[in-house]
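We use all heavy atoms of the structure for the numbers below, so side chains are in, but hydrogens, waters and symmetry mates are not.
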Amino acid sequence: MVLSPRLRLHIGASKVHRWLALLIGAQVIVWFTSGLIMSLLPIDMVHGDHRIDRNAEPALLVDKTFAPVAALLAKAGAPVRQLQHRMLLGRPVVEAQLADGKIRLLDARTAAPLPPIDAKTAAIIASRAYRGGTAVPTIERVERASTEYRGALPAWRASFSDDDATRIYVAAETGRLTSVRTGTWRLYDFFWGLHIMDWTEHERFNTPWLMAFAAGGLVFGVAGAILLFMRWPRRRRRKAQGTARTAA
């Protein structure tokens with residue numbers, strides 16, 4: 001039996017649509033579920049704004065006793081790309097961003113180099129910004145990036161024993177609060193990894209798996225559109241033919 005091109009197209013679209021529904025159906029459910037859960041989580045809680053005061057340090061005031069730029073450049077000890085004044089634990093400091101990408105802290109008044117942030121200082125910085133009370137955090141040094149933290153390294157991780165398992169990260173070079181991680185953030189990150197199909201890094205949105213399933217979803221939709229186009233007119237014609245026979 002010789003099949004017409006229209007019938008072959010109809011059969012082919014039906015097979016493609018059926019098999020793709022089996023292959024990508026589960027992932028489509030994961031996409032919808034993860035997207036729904038992420039949209040329901042308050043973004044300020046994901047960012048940890050309920051656990052940390054990012055403006056704990058006072059604003060920097062103009063001070064005529066600040067060291068001149070020439071002295072700061074000389075004390076940096078290397079070519080400098082940028083100087084930035086700010087407050088650190090109530091003390092004016094200068095971040096000297098060096099040409100090699102490193103950052104050196106200087107005293108804003110004397111231009112004297114300051115040592116890197118140690119564990120004790122990091123604990124004070126994190127505790128001052130923490131909104132959950134006066135708990136003393138557990139301090140750990142972080143040397144390598146992970147799925148939870150990809151900020152400036154090395155850093156200090158201040159862990160608080162609250163119901164959110166809050167962790168505040170402090171950059172060892174600058175003393176800046178670089179990240180805050182809570183249970184809400186971890187839940188969001190878990191579903192984000194499922195959503196982009198990057199189950200290890202939770203970061204790459206162009207993985208081969210994601211591209212393959214997205215392409216499969218596109219073909220699935222096209223096949224469905226072809227079936228809809230081919231079947232709908234036939235039903236209308238049959239209805240019209242039935243009406244004509246009844247009238248006769």
Side-chain angles (χ1 to χ4, degrees), residues 38-67 69 72 76 80-98 101-142 145-189 192:
M38 288 189 295
S39 65
L40 291 176
L41 294 175
I43 195 63
D44 57 336
M45 294 187 68
V46 174
H47 291 163
D49 295 339
H50 63 302
R51 291 296 185 185
I52 187 174
D53 179 8
R54 302 180 189 276
N55 298 313
E57 289 288 351
L60 181 69
L61 300 177
V62 177
D63 193 330
K64 294 182 180 180
T65 64
F66 283 172
V69 172
L72 294 171
V80 176
R81 292 185 181 276
Q82 180 178 327
L83 296 173
Q84 182 177 6
H85 288 70
R86 68 182 182 91
M87 299 294 288
L88 177 62
L89 295 179
R91 172 186 186 181
V93 299
V94 175
E95 286 184 14
Q97 183 178 347
L98 307 183
K102 295 182 179 180
I103 297 177
R104 185 162 296 165
L105 280 182
L106 306 172
D107 187 292
R109 293 190 175 97
T110 65
L114 300 176
I117 305 301
D118 57 17
K120 182 178 179 180
T121 305
I124 296 173
I125 294 172
S127 297
R128 287 192 178 186
Y130 181 60
R131 294 182 185 272
T134 57
V136 178
T138 301
I139 301 295
E140 299 172 272
R141 189 173 175 85
V142 178
S146 64
T147 56
E148 181 171 285
Y149 179 73
R150 296 186 181 87
L153 292 171
W156 296 101
R157 179 172 57 220
S159 302
F160 293 86
S161 300
D162 54 29
D163 57 358
D164 231 357
T166 302
R167 293 176 178 175
I168 297 175
Y169 290 84
V170 179
E173 284 187 335
T174 64
R176 286 186 179 272
L177 299 173
T178 51
S179 295
V180 55
R181 300 294 183 243
T182 63
T184 305
W185 181 92
R186 295 181 192 97
L187 180 64
Y188 184 97
D189 185 63
W192 170 249

Gap separating the [atom1] atom of [X] from the [atom2] atom of [Y], nearest 0.5 angstrom:
X    : Y    : atom1 : atom2 : answer
F66  : D107 : CZ    : CG    : 9.5 Å
R167 : S179 : CZ    : OG    : 12.5 Å
L98  : Q82  : CG    : CD    : 11.5 Å
Y149 : R157 : OH    : CZ    : 10.5 Å
I125 : L89  : CD1   : CG    : 4.5 Å
I43  : W185 : CD1   : CH2   : 12.0 Å

Is a donor on one side and an acceptor on the other found under 3.5 Å between the side chain of R104 and the backbone of A96?
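Side chain of R104 to backbone of A96, a donor-acceptor pair under 3.5 Å: no, none is there.
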Looking only at heavy atoms, what is the nearest atom pair of [X] and [Y], with distance?
X    : Y    : answer
G48  : V180 : CA-CG1, 3.9 Å
R128 : G90  : NH1-N, 4.3 Å
A158 : A126 : CB-CB, 3.5 Å
S127 : A135 : OG-O, 4.0 Å
E148 : R186 : OE1-NE, 3.0 Å
H85  : L60  : CB-CD2, 3.3 Å

Check: [Y] and [X] side chains under 4.5 Å, non-hydrogen atoms:
X    : Y    : value
V69  : L83  : yes
Y169 : V142 : yes
P116 : E173 : no
R51  : D49  : no
V93  : L106 : no
Q84  : Q97  : no
T184 : L187 : no

Set out, in order, the CA-CA distance, both residues' side-chain angles and the distance that settles side-chain contact (heavy atoms from CB on, under 4.5 Å) for L88 and I117, then state yes or no.
CA-CA 11 Å; L88 177 62; I117 305 301; 4.0 Å; yes
Side chain to side chain donor-acceptor pair (under 3.5 Å) partner of T166, the single match among D163, D162, D164:
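Going through the options one by one, the only one that passes is D162.
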Side chains of D53 and Y130: any donor to acceptor distance under 3.5 Å?
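Side-chain D/A pair, Y130 to D53: absent.
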Give a yes or no on whether R54 atom CZ has more than 12 heavy-atom contacts from other residues, nucleotides or ligands under 6.0 Å away.
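Yes, the 6.0 Å shell around CZ holds more than 12 heavy atoms from other groups.
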Can you tell which of E95, E57, R91 makes a side chain to side chain contact (heavy atoms under 4.5 Å, CB included) with R86?
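Going through the options one by one, the only one that passes is E95.
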Report the C-alpha distance between M38 and W192 in whole Å, list the side-chain angles of each, state the deciding distance to 0.1 Å, and finish with yes or no for side-chain contact (heavy atoms from CB on, under 4.5 Å).
CA-CA 8 Å; M38 288 189 295; W192 170 249; 3.9 Å; yes
